[in-house]
Every structure is written in C-alpha cells, then in structure tokens.
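Here the structure comes first, spelled out in structure tokens, and everything after it is commentary.
Numbers here are sequence positions counted from 1. Every value quoted in this text rests on a predicted model; they were computed, and no experiment measured them.
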Amino acid sequence: MPEPWGKAFDDVIPEGKKPVVIFTTPAGQPFTQAMAQELSTHDHLIFACGRYEGIDQRVVDYAGSVADVREISIGDYVLNGGEVAAIAMIEAITRLLPGFMGNAESIIEESHSDGLLEYPSYTKPSVWRGLEVPDVLLSGHHAEIEKWRKEQQVIRTRENRPDLLGDENL
C-alpha cells in the first residue's frame, strides 16, 4: 500500500532538502564500489526496502518528486526483501566516510578500488600447515612486493572476474 510509505517519507524527508532515497530492487542499477564512493558524499541517505513483490511504483514516483531517487540492485538474484541489500550497501558506503576506518590507507588497496580484485593476503606465521608465505613478501624489498601484488591482482581478476579487465590486461 502506498499510503504508509507516503507518511513515512513525510516524516523522514526534511522540508526544503532533497536527500537520496535508495530503493533496493533487483530491477535497479548494479551497486558498485564507485557508486558506494559517490553515495558516501551525501549527507542524508534513506533506504526503502520492499518485501516480496516490492514497492508500489507510485511510491517511487512520489519519492522522486521530493528526493533524488536511486533504484539499486546488489546482484542478479531475488531476495524476499531489500533489507539485506540495504545492509550490504550501508556497510560499503559508511566505511568510506572520513574518519570511519582506523587506517584510511587500507581502503586504497582493496578490491575494486582500482578496478581490480585485491591481491591475496598473508599473516603470521610464515609457514602454516606446510603452506608458506611467498618469499617476495618476506624479502623487505618494497618495489618487488608492490610488483608482486599488482601481478596477483591481475591474475586473481582474470580468473574470478574477467569482466572487470580491459583489453590491455587480458
């Protein structure tokens, strides 16, 4: 029913402001890291999550008259409701807010930050159950480590997400 949605928007959309209203829907634009980055620049986000058959189109149309509406999907599948999609988007967006991450530099090297998947990560000990950390990572040679990481990003992306690679990386 549209009326409860209308009343809710009346309560949460500030007078004279135009927040972003995100409708979670499998019929929306695919959610990406670039979209998370752009959304993290807005002061006011509202998530509208439907159940089963979604939200009456008139609600979406009305919201478009009082807000910047985005219809966004987290993947090519259907959930019973949009709450899980909203949580995934909220987490991706909020971690990009200034001051949210303890080490802001860690965001720079993550999957999708440069169009590639992240390189494999290793921790201590250097040998675990007979499996070793690659020697280059223990070498202390920062340029070689950086080169290895970039190569691993391309290999991992080629294997798992070739759609992300441009022709120059194939």
So do [Y] and [X] actually touch side chain to side chain, heavy atoms under 4.5 Å?
| X | Y | answer |
| --- | --- | --- |
| Ile90 | Phe47 | yes |
| Tyr119 | Ile155 | no |
| Val154 | Arg158 | yes |
| Leu39 | Ile22 | yes |
| Leu116 | Leu165 | yes |
| Gln29 | Ser73 | no |
| Ile72 | Phe23 | no |
| Asp76 | Pro26 | no |

Indicate the ring-plane relationship of Trp148 and Tyr122, choosing parallel, tilted or perpendicular according to the 30° and 60° boundaries.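 Ring orientation of Trp148 relative to Tyr122: tilted.
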Specify the closest pair of heavy atoms between [X] and [Y], including all atoms of both residues, with the distance to one decimal.
| X | Y | value |
| --- | --- | --- |
| Ile13 | Ala67 | CD1-CB, 4.3 Å |
| Ala92 | Arg95 | O-CG, 3.4 Å |
| Leu79 | Ala85 | CD1-N, 4.3 Å |
| Ile145 | Gly140 | CD1-N, 4.2 Å |
| Val21 | Ala48 | CG1-CB, 4.4 Å |
| Gly82 | Thr24 | CA-OG1, 3.1 Å |

Asp135: side chain to side chain donor-acceptor pair (under 3.5 Å) partners, not counting sequence neighbours: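 With sequence neighbours excluded, Asp135 shows a side chain to side chain donor-acceptor pair (under 3.5 Å) to no residue whatsoever.
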Test of understanding: with side chain to side chain donor-acceptor pair (under 3.5 Å), list the residues that count as partners of Gln57, not counting sequence neighbours.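 Once residues adjacent in sequence are excluded, the partners of Gln57 under the side chain to side chain donor-acceptor pair (under 3.5 Å) criterion are Asp61.
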So, applying side chain to side chain contact (heavy atoms under 4.5 Å, CB included) with Pro120, which one of Gln153, Arg149, Gln152 is it?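 Testing each of Gln153, Arg149, Gln152 against Pro120, the sole residue satisfying side chain to side chain contact (heavy atoms under 4.5 Å, CB included) is Gln152.
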Can you hop from Val84 to Tyr77 via hydrophobic side chains spaced under 4.5 Å?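 Same hydrophobic cluster.
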What about Met35 and Leu96, same hydrophobic cluster or not, with Ile/Leu/Val/Met/Phe/Trp/Tyr joined at side-chain heavy-atom distances under 4.5 Å?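 No, Met35 does not connect to Leu96 through the hydrophobic network.
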Should the heavy atoms of other residues, nucleotides or ligands under 6.0 Å from [atom1] of [X] be counted, would the total exceed 12?
| X | atom1 | value |
| --- | --- | --- |
| Asp10 | CG | yes |
| Lys147 | NZ | no |
| Glu83 | CD | yes |
| Arg58 | CZ | no |

Between Arg156 (side chain only) and Glu118 (backbone N and O only), is there a donor and an acceptor less than 3.5 Å apart?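 Present.
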Given 3.5 Å as the limit, does a donor-acceptor pair link the side chain of Thr157 with the main chain of Leu117, or not?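 Answer holds: yes.
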Roughly how far, to the nearest 0.5 Å, is [atom2] of [Y] from [atom1] of [X]?
| X | Y | atom1 | atom2 | result |
| --- | --- | --- | --- | --- |
| Leu137 | Ser126 | CG | OG | 11.0 Å |
| Leu45 | Ile93 | CG | CD1 | 5.5 Å |
| Gln33 | Glu38 | CD | CD | 12.5 Å |
| Met89 | Thr94 | CE | OG1 | 12.5 Å |

Side chain to side chain contact (heavy atoms under 4.5 Å, CB included) between Arg51 and Asn80, intermediate numbers included: CA-CA 6 Å; Arg51 294 295 293 169; Asn80 282 336; 3.9 Å; yes
Going through the distances and angles, do Ile46 and Val20 end up as a side chain to side chain contact (heavy atoms under 4.5 Å, CB included)? CA-CA 6 Å; Ile46 298 169; Val20 176; over 6 Å; no
Contacts of type salt bridge (charged side-chain N to carboxylate O under 4.0 Å, His left out), residue Glu132, not counting sequence neighbours: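 Glu132 satisfies salt bridge (charged side-chain N to carboxylate O under 4.0 Å, His left out) with no other residue.
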For Val59 and Phe9: C-alpha separation, side-chain torsions, deciding distance, then whether side chain to side chain contact (heavy atoms under 4.5 Å, CB included) applies. CA-CA 9 Å; Val59 172; Phe9 285 135; 3.6 Å; yes
